[in-house]
Number of protein chains: 2
Amino acid sequence: MNVEPSWDFYRSFITVLKQGSLSAAARELGLTQPTIGRHIDALEGAVGAQLFIRSSNGLLPTDIALDLQPYAETLATTVNAFLRTGSSRRDKVEGTVRISASEVIGIEVLPPIIADLQEAYPLLQVELSASDTLEDLMNREADIAVRMAEPQQDALLIRRIGDIPLGFHAHRRYLERHGTPQTMAELSDHRIIGFDRQTAYIRMMRRLYPAVDELAASFRTSNHLAHLAGIRAGIGIGICQTGLARPGSDLVHILADEFDIPLGTWVAMHESLKTSPRCRVTFDALVKGLLNYIKSCKETRA
Amino acid sequence: MNVEPSWDFYRSFITVLKQGSLSAAARELGLTQPTIGRHIDALEGAVGAQLFIRSSNGLLPTDIALDLQPYAETLATTVNAFLRTGSSRRDKVEGTVRISASEVIGIEVLPPIIADLQEAYPLLQVELSASDTLEDLMNREADIAVRMAEPQQDALLIRRIGDIPLGFHAHRRYLERHGTPQTMAELSDHRIIGFDRQTAYIRMMRRLYPAVDELAASFRTSNHLAHLAGIRAGIGIGICQTGLARPGSDLVHILADEFDIPLGTWVAMHESLKTSPRCRVTFDALVKGLLNYIKSCKETRA
DNA sequence: TCATCGATATACATAATTGTATGAACGTCG
DNA sequence: CGACGTTCATACAATTATGTATATCGATGA
C-alpha cells in the first residue's frame, strides 16, 4: 500500500488474461515467464486479492480478474490511441484514424466509403471498430464515431447526416414461396425474424406499431448482422435498411407504405481533433459518403 | 520501434504535464528527477516528436503533448478505477463508488442523497465527478452516471427517473424592484440571464419557444452554476430547476404556466456492476433520492 | 506405463533501471 | 548586483528488475 504499482503490471495482467498463461504472455510481450509471474504476484499484492488460480496448464482468472478485465482493456486501447496520435505528423494526411460504427453500418455501408477515401489519401490507415455492444463512444478509443443517436456530450463536433430509412424486407425466394404480404395484418401469417434485445429503436417501434411487437418470431437474434443474414437466407421477413435492397441483392422491400421509422444518423468526433488533417479528411469523407448512401436508400425505395 | 515503451512512461508524462517540471513530477511519484527525465526522453523517442520544451524553470508542453493529454488522463483515471474495483471486497458494502453527474445536479441535488446513503453504509466512500464538459460517460471512469439524456449504449442498466421541471426564476429582491412579468412577452422588459453554449436542451427550447431566443441577455454564461448564481444574486431572470426554489431560498418561479420544458433524467450503470453490492446500493439510493427530488419539484410548483 | 511437452516455481547471474552527487543556467529578491 | 532557490543535464554508483537454468508438476499419447 506504500507505493503505486508499476503501470506495466496492467499490461502483463491483460496479456495473461488474453493468453491464458504466463509463458504465452511472456512470449507476446517479449519478456520471460518469471517476470510476468512476478508482475502478477505484485498486482495481487496491490489489490489484496487473488487474480488467477495457478495450475500446471495455465492461469485461470478469478471472478475479480474478470471484473477488472474491462479496465485493463481500456488501458490497452488508450495506450494504442496515445501512440497512434503521438506518432502521426499533424500536418499531413497520414497515420491511423480509428472509426467506430455499428456492425451493420461498419460492414455493409462503410467499406466502399473507406475505399474511396484511401484512394485519395494512400498514406491514410483506417481502423474500423464495428461493434454494437461495446460502443466505445468517444472516450478517445475511437477518433470518429458513426452513431444512430444524437451524441449528448458537448465538446464534440457533430454532424447530422439524416435518416436512414428502415423497412420490412425478405428474400425474393421466400416471397415466391410464401407470397408477399400487402398489409401489416398479413404479417402474422409469415415467418418473422425478431430481435432479442431491447434497444431505443425497438422501444420506439413498439410504441408506434404495437402490432409488430405481438408477432411471433420464428428466428430471433440480438445480433443485427445475424438478423440480416437471416433475411438474406430466406428464413423470413425482417427489418433492415432499405439501402441494402439494391438491385442484384435479391432483397425485396415490402410494406413500404405501411411501416416507416427512420433511423437518425450522426457522425461525431472530438472538437480537438478537427485540427488534425487526417481526422478532418476522414470526417468529411464519412459525412459525404453517408449522405450519398441515404440518397441511394431513398432512390431504391421509389 | 522495436519494443513497446513501458506504460510507466505515461504515468510520468501525465505527472510532468500536471506539475510542469521534472522535479515536481519526481516528488509526486516518489522517484527522482533524472528518472523522470529519462522517461520523457524515451517517450519522445517512441512517438518521434518533441513533447516538452525544456527550460531552466520547468518543462513547457508542445502542442503534441497537449493533444496527448486527454489520453494520458484516461489512463490515470482507469488505473484508479482498476485499483478501486480490485481492492474492494465484493461481498460487502464498502470501498469507493464514483458517481458522474452534471454540475447543477452534483452540487445542488445529490449531496443530501449521498449523505443519507453514507448514513446507512458508513464504510461506503463516494467520489463525485460533477462536470458538464468532460461528461466521462461510462467508460468505466465512473461507476454510475446521472444523465439528462437517455443513454444509448446497450449493456447498461438504465433507470428512467422522470422529468425534472425547469422554469424561469428570479430572486425575490429582483422582482420587488423590477416587477414580476405575467406573460412571456413582458420578458423583453427585463434583465435576462442567457446561455452561451448550444446544448440539446437549448435547441429544444429554441424550437418550442422561439421568442425566448430573441431576448437580449444582459448576463451570459456557459456555466450552469454561474447561471444559477446569477439568478440567486438578483442579476435578472434565468432558467433553473423548479426544485431549487424551495421555501427559504428566496427564489421565485415565474411564468409557471407559460413555459414548460421538462428535463428527462436517467440513472445508468454498467450491467456488470449490478453484482457489486456497493454499486447496487448506490444506484438504488440515487434512483430513490432523485424520485423524491422530482416529487418535491412538483410540490414546489403547485 | 513411460516418455514428452507444456505449464509454473525457484535459485542465481546478469543487465537495466534507478538513485546520488554535482555542475550549469535561469529567475527572484533583497 | 550578488546570493539564493529553482530548474535541467550529466557521470558514476547502487539497487532493482530481468533473464537463464533447472526442478517439479500434470496432461497427453504411443
Side-chain angles (χ1 to χ4, degrees), chain A residues 1-47 49-62 64-66 68 72 75 79 83, chain B residues 1-47 49-66 68-69 72 75 79 83:
Chain A
M1 171 101 213
N2 20 12
V3 69
E4 208 201 334
S6 165
W7 285 15
D8 284 335
F9 296 168
Y10 305 111
R11 174 167 58 180
S12 299
F13 171 78
I14 188 64
T15 311
V16 169
L17 213 45
K18 198 171 64 181
Q19 296 285 350
S21 82
L22 297 179
S23 310
R27 281 192 294 274
E28 177 175 326
L29 291 176
L31 297 172
T32 58
Q33 166 256 320
T35 298
I36 306 296
R38 284 186 281 251
H39 285 183
I40 299 300
D41 287 346
L43 203 54
E44 288 182 329
V47 302
Q50 192 174 18
L51 296 174
F52 296 94
I53 298 167
R54 274 87 165 157
S55 80
S56 60
N57 57 346
L59 268 72
L60 192 72
T62 64
I64 297 178
L66 293 175
L68 294 175
L75 290 176
V79 163
L83 291 173
Chain B
M1 168 103 209
N2 18 13
V3 69
E4 210 201 333
S6 164
W7 284 15
D8 284 336
F9 296 168
Y10 306 110
R11 174 169 56 180
S12 299
F13 171 79
I14 188 63
T15 311
V16 169
L17 213 46
K18 198 173 63 181
Q19 296 285 351
S21 82
L22 298 179
S23 310
R27 281 193 293 273
E28 177 175 327
L29 291 176
L31 297 172
T32 58
Q33 167 257 319
T35 299
I36 306 295
R38 285 186 282 252
H39 285 182
I40 300 299
D41 288 345
L43 204 53
E44 287 182 330
V47 302
Q50 191 174 18
L51 296 175
F52 295 94
I53 297 169
R54 275 88 166 158
S55 80
S56 60
N57 58 344
L59 269 72
L60 191 70
T62 64
D63 289 349
I64 297 178
L66 294 176
L68 294 174
Q69 181 165 18
L75 290 176
V79 163
L83 291 173

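First the proteins, then the strands, lettered A, B, ... as listed; each starts at 1.
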A:L43 CG - D:dA17 P separation (whole Å): 14 Å
For atom CG of B:L60 and atom P of D:dT7, their distance in whole Å: 15 Å
Residue-phosphate contact under 4.0 Å: B:H39 side-chain N/O, C:dT18 OP1/OP2: yes
Electrostatic pair A:R54-A:E44, nearest N-O below 4.0 angstrom: yes
Using nucleotides 8-10 of chain C, report all nitrogen or oxygen pairs with the protein that are shorter than 3.5 Å.
unit_1: C:dT8; atom_1: OP1; unit_2: A:L22; atom_2: N; d: 2.6
unit_1: C:dT8; atom_1: OP2; unit_2: A:S23; atom_2: N; d: 3.1
unit_1: C:dT8; atom_1: OP2; unit_2: A:S23; atom_2: OG; d: 2.4
unit_1: C:dA9; atom_1: N7; unit_2: A:Q33; atom_2: NE2; d: 2.9
unit_1: C:dA9; atom_1: N6; unit_2: A:Q33; atom_2: OE1; d: 3.3

Bend angle of the helix from C:dT1-D:dA30 to C:dG30-D:dC1, from helix axes over five pairs at each end, nearest 10°: 20°
For B:A65 against B:P61, the heavy-atom pair lying closest together: CB-CB, 3.9 Å
Pairwise side-chain contact, B:I40 with B:F9, heavy-atom cut-off 4.5 Å (strictly under): no
Nearest-Å distance for atom pair CD/C1', residues A:Q19 and C:dG6: 15 Å
Salt bridge (Lys or Arg N to Asp or Glu O under 4.0 Å) between A:R11 and B:D8, intermediate numbers included: CA-CA 10 Å; A:R11 174 167 58 180; B:D8 284 336; over 6 Å; no
Close side-chain approach of A:E28 and A:K18, heavy atoms under 4.5 Å: yes
Length of the line joining B:I40:CD1 and D:dA9:P, which is rounded to integer Å: 11 Å
Interatomic distance where CH2 belongs to B:W7 and P belongs to C:dT17 [whole Å]: 18 Å
Length of the line joining A:D8:CG and D:dT16:P, which is rounded to integer Å: 17 Å
Any donor-acceptor N/O pair, A:T62 side chain to A:Q50 backbone, under 3.5 Å: yes
Euclidean distance, atom CG of residue B:L29 to atom P of C:dG19 [Å, nearest integer]: 10 Å
Short side-chain N/O contact to D:dG19 OP1/OP2 from A:T35, under 4.0 Å: yes
Minimum side-chain heavy-atom gap B:L22-B:F52 below 4.5 Å: no
Flag for A:T15-A:S12: side-chain donor and acceptor within less than 3.5 Å: no
Side chains of B:Y10 and B:L43 in contact at under 4.5 Å (non-hydrogen atoms): yes
Separation of atom CG in A:L31 from atom C1' in D:dT20, rounded to whole Å: 14 Å
